[in-house]
Each structure stands twice: as structure tokens, then as C-alpha cells.
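To keep things clear, I will list the structure first and then write my remarks on it.
Since this is a predicted model, take the numbers as computed values, not measurements. Chain letters run A, B, ... following the sequence lines, proteins first and then strands; every chain starts at 1.
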2 protein chains.
Amino acid sequence: MAKTRPRARARRQPLNRERVLQAALRLADREGVASLSMRGLAQTLGVEAMSLYKHVANKDEVLDGLIDLVVAEIDVPPLGTEWRHAMRVRAMSARQVCLRHRWAALLMESRLSQSPARLQYADAVLGLLRCSGFTVPLAYRAFVIIDSYLYGYIMQELHWPREEAEMSQVEQDVTAQLSTADYPYLMEAMTHVMATRTERRVAGVYDADFATGLELILDALARLRDADAPPSPMPTISATSATH
Amino acid sequence: MAKTRPRARARRQPLNRERVLQAALRLADREGVASLSMRGLAQTLGVEAMSLYKHVANKDEVLDGLIDLVVAEIDVPPLGTEWRHAMRVRAMSARQVCLRHRWAALLMESRLSQSPARLQYADAVLGLLRCSGFTVPLAYRAFVIIDSYLYGYIMQELHWPREEAEMSQVEQDVTAQLSTADYPYLMEAMTHVMATRTERRVAGVYDADFATGLELILDALARLRDADAPPSPMPTISATSATH
DNA sequence: TAGATTGGCTTACATCGTAAGCCTGCAATG
DNA sequence: CATTGCAGGCTTACGATGTAAGCCAATCTA
């Protein structure tokens, strides 16, 4: 009587690591990575929790797998692309990916997981800088600085209000609950943010602010690069000509 | 017979929120925030888990309390201090605090918790910029950019090897397990990092790299500030004279 | 002295990751 | 074709964990 339809279950295509991770990705996007449990994950696959362990060693492996999936979504231009353009593209892409999967940034920061996908990502970014005239030490430094800003900005951004509803909620808090006397400078800043919130989202949320900061850093790095190794008369050509 | 010594327990000074949070801080420093459980925390206080709930609403409140304790440790110069100096001081201080409590940065990024301590911290930083000639929009932008870099850098740094033992472990991985063919640029960068690791730690770990990046950003912001509101002939004086 | 309050404690429950081992149908082998 | 191995599910069970509910003794207050 327990075996009502012994076939029905067996008929579905067998699970595999790939399908498990894809399901985890969907579930994380829907409910957040914090409420991603092995039992819940199994349920979305029509399976019992312990069945997952035939395809993944443990939950940590699922999380690391998620990181890999997300890193793979980041668009890194091919080796030889002019560095400023390349850094812009990959930074913007990383940001979009992290906003699409709102749990991703925190997960990447909280886990070590030097998987092939992540190593290759780092290698590609470093390669772009190296092929654009950066020395090894400077390429390393630039990488660290850009990534600090990139992921630091994203982490902040994830806490900001997005929907109009949240925004007006914040606005209420600003004008009512937070007393102006206690936090005068914070108040004026919040007021400014609220007042300009419309024009500050261009083709996405908070794009403009992110881009300005990034350009600031790229400018600074360009100066460093030029000081470090005097460029040929036409820097952009010498940069892109490395592989073309 | 259960009441062997009804007095002994009652004699110790009663718990309070303060002592609970201090114990949580110590425990987190010792074992990491991930393995901070209400039961474990209670144990270090010689008390049962549920007793904590007389002084704290729930675990989230403990975590938010930890954030407050940590934020309070950050050294923010008084209003009116010249902005570059002030930003340097508070960035360095925040970094030291986050390295001292290695769980703090992640906790701050993962929780929202707009507690008075945090709001006041933000207010103080914004105030410093405002008093040094930054307009409201620019002060806000500068705040976001500096903090992005600051906490982004720290989050990266927390994953880097610190002890000499870890370092030589990484060195082994670099020269052996990671194949040079697969990640050429990553390899050369790691080799450089390993080779220069001695001179790169000055009075602390990785101080030099952090400072260079910060100066880069402060330079860029200085340029922005001067372009935004043309300074008087002697910018530093006009900056500090605002409140003195 | 009576009553209320404070601050501990016990018990209980849902949820989590996962160890151990069972069962069944398909596939390869004799 | 029969046997057997095993891939890939399932069941059960254990020890965390956060915390709701309620108990009880010591202390403070009227």
C-alpha cells in the first residue's frame, strides 16, 4: 500500500549535481539564501532531503556551487580589451549580477571557496590589466582597489530602499522618527537623497552614483599606471594592440 | 534534593543586558560569531539559555548589540578636523577594529540595524565632510565611496593569510597545486605578493596597500571638492576654520 | 506580614544538517 | 535468461539551535 505507483517516481529523470544547483539558485533568488535548507531544496525537486547527498557532499558544497554559478554570470571582456572599458564592463556586470541575486555578494564575502570558476575570474581580470601596460605590482594593487570599491558599494546598495513603498517609508522615518536635532548631517543627506531619488536612477537603480565613484577610481589608477611605466604616445592603442 | 545549595546561585550579581553583550563580544572574538549560540553564551555566564531572554529580546538583538559595541570602538575625530586627516584616522581605526573583531565586518554588512550608535557614526562622518567645504550632495557621495572602499577592502583582507604558517601554505598551493598554465596572471600576482610580503606589512598587516588605495580615493575626492566649490586660496585653512 | 516583581530554571517544540542504513529497479555480466 | 551490482532514491534517528510557556524562590514594597 505504500507502493501505490512504483513507477511514477522512478520515471522522472534522475537528479544530478547540475539540477540540484540550478534548483538551489532559483530557490535562493526566490526566498533568499538564509532560508535555503536542504529539506526545502529537496522539496522543490520533489525529493527527500537525504537524496540530495547522493549528488552533493553537503550544504557547503551547494553554497560554493551557487557562488560558481553567479561568478560565471559576470561578463569579463576578452583579453586585450582596453583596460578602462574592460573594468567598467565587468564592474557594471558584477553589480547587475549581485543585484539580480541579492544574496550573492554576502555569500561570496562570507565563504572562501577558491573554486576554478573564481580563480579564473580573478585571472581574467588581472590579465586584462597586465595586457594594458600595468606592471605586476600595479595590476595587483588595481585589482584589489577596484574590487574593494565594487563589492563594498554593492554591499551598501543592497541595504538601500528600492521600491517606491520602501522609499516613502524611509522618507517618513527621516522626517518624523529620526529627530533632526540628534543627527543633523545625516538628516540633510537623507533629505537630499530623497529629493533627488528620481534623477539618480538612470537605467537601473543608483547607477549614476556607482559609475561616478568607479570613474574616480579608474582615473586615479590611470594616473598611477602612467607614472609607473611611461606610456607610448597613444596609450589606448598600445594597450589594445597587445593581443590584436 | 534538587535544591542542594539554593543560596550559591542566587548570590552572584544579577545579569543585565550590558553583561550579556560583553560576554557575547568575548565569545565572538574567541570562537567567531558563527558559533555564537544562546546556549553557549549562557554557559560562559554560568546560566541557562532561557535566562538570557530576561535581558535580551532574542538573538538578533544580541547581534545588533554586538554591532553597536564595535561601532563605538571606531575612532572618529571631532567635528571640524581637517577632512583628509579625519577620514584617514577613522578609516584606519575602522579597519583596526574590524581586524580585531574578525566577525564584525560581515555582521555589519549582513544586518540592517539602524541603531543610534550607527546613525551617530554616520552623522559624525558626514559632519566632518560638511564642515570641510563639501556640499551636501558631494559629502554624501564621498561618504558612500570611502565606505565602499573601506569595508570592501576589509572584507577582502579578512580572507587573506595572516600567520606565517598560512602564508607558506598558500605559497605551496601557488607553486604546486595551482597549475601555472591555467591561471598565468593570477600566478604571477600571487608570486609577487608572496615575494614582497615582508616589506608590505608595515606596523600591522597589509597596512601599506590599504593606505595607498585610500590616498588615491582621497585625492580624487579632493579634486571633486575643489571643482564643485572653488576653494579659497588656502584650502586646508578654509576647511579647518569652519568650526575653529 | 501579604503581595508583587524580578530573575533565575525546566520542559517542550519546530527546524536544521546529516550519519547510517534500507530498498528497488536498471544494467551489465555469466 | 538469470544473477548480481549498484545508482539513486527513501526512512529513521541524532544532536544542535532559537525560543515559547510556564514554574518557582528570593527579594522588594505596601
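- Of the candidates C:dT10, D:dG18, C:dT18, C:dT10 carries the atom nearest the B:E48 side chain, counting heavy atoms from C-beta on.
- Under 4.0 angstrom from either OP1 or OP2 of C:dG8 there lies at least one side-chain N or O belonging to B:H55.
- For the 3.5 Å distance criterion, the side chains of A:H55 and A:N16 fail to qualify, holding no donor opposite an acceptor.
- Heavy atoms of B:K54 sit under 4.0 angstrom from at least one base atom.
- The phosphate of D:dC10 has OP1 or OP2 within less than 4.0 Å of a side-chain N or O from A:S51.
- Counting heavy-atom neighbours within 6.0 Å of A:E61 CD, excluding the residue itself, gives a total above 12.
- Put simply, CG on B:L45 is 15 Å from C1' on C:dC9, counting in whole angstrom units.
- Looking at the side chain of A:R39, the nearest of the listed nucleotides C:dC9, C:dT18, D:dT17 is C:dT18.
- Comparing A:G40 and B:M50 by the nucleotide of DNA chain C that holds the closest heavy atom to each, the one mapping nearer the 5' end is B:M50.
- One atom, CD of B:Q43, and another, P of D:dG18, lie 13 Å apart when rounded to the nearest Å.
- Atom CE in A:M38 sits roughly 17 Å away from atom P in D:dT11 (whole-Å rounding).
- As a whole-Å value, the separation of A:N16 CG from D:dG9 C1' is 14 Å.
- Heavy atoms only, all atoms of each residue included: A:Y183 and B:D123 are closest at C-OD1, 3.0 Å.
- Residues A:Y149 and A:F210 place their aromatic rings such that the two centres sit under 6.0 Å apart.
- At the heavy-atom level, A:L41 lies nowhere under 4.0 Å from the strands shown.
- Taking 4.0 Å as the cut-off between side-chain N and carboxylate O, A:R90 and A:D147 count as a salt-bridged pair.
- Distance from the side chain of A:K59 is smallest for C:dG17 among the nucleotides D:dT11, C:dG17, D:dA20.
- The separation between A:L36 atom CG and C:dT15 atom C1' is 14 Å, rounded to whole Å.
- Here D:dA20 presents its P atom at 8 Å from CG of B:N58, a figure rounded to the nearest Å.
- Here D:dG9 is the nucleotide among D:dG9, C:dC9, C:dG17 with the atom lying nearest to any side-chain atom of A:L15.
- In this structure, OH of A:Y53 is placed 19 Å from C1' of D:dA7, rounded to the nearest angstrom.
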